[in-house]
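Notes follow the structure.
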Amino acid sequence: MDAIQQHMLDTYRAACLGEPAPPPPGRHDRKTLRDLYHHWLTHPPTRSQPVRRLRTEP
């Protein structure tokens, strides 16, 4: 089941229960990424917290 199908199911359930509909998928992505970037700028990694790097296979 993809995100759109899950959203449609959740919207249907909310309508049956008389609750407000959930926000559409991806609605808060930009704010979340902005908050993560701000956190990264204000809390840079230290020596006790090494930066994790993806391991590449040769």
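Heavy-atom basis, side chains included; hydrogens, waters and symmetry copies ignored. From a predicted model like this one, the values you see are computed outputs, not experimental measurements.
- Residues D2 and Q6 bring no donor and acceptor atom of their side chains to less than 3.5 Å of each other.
- Annotation for A21 and A14: closest pair CA-CB, 4.3 Å, computed over non-hydrogen atoms.
- With values rounded to the nearest 0.5 angstrom, H28 atom NE2 is found 13.0 Å from L33 atom CG.
- Of the listed residues (P25, P22, P23), just one forms a side-chain contact (heavy atoms from CB on, under 4.5 Å) with D10, and that residue is P22.
- Between the NE2 atom in H39 and the CG atom in L41 there is a gap of 10.5 Å [rounded to 0.5 Å].
- Between the CE atom of M8 and the CE atom of M1 there is a distance of 10.5 Å, given to the nearest 0.5 Å.
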Evaluate the side chain to side chain contact (heavy atoms under 4.5 Å, CB included) criterion for residues Q5 and L9: first the C-alpha distance (whole Å), next the side-chain angles of each, then the deciding distance (0.1 Å), finally the verdict.
CA-CA 6 Å; Q5 292 171 335; L9 183 61; over 6 Å; no

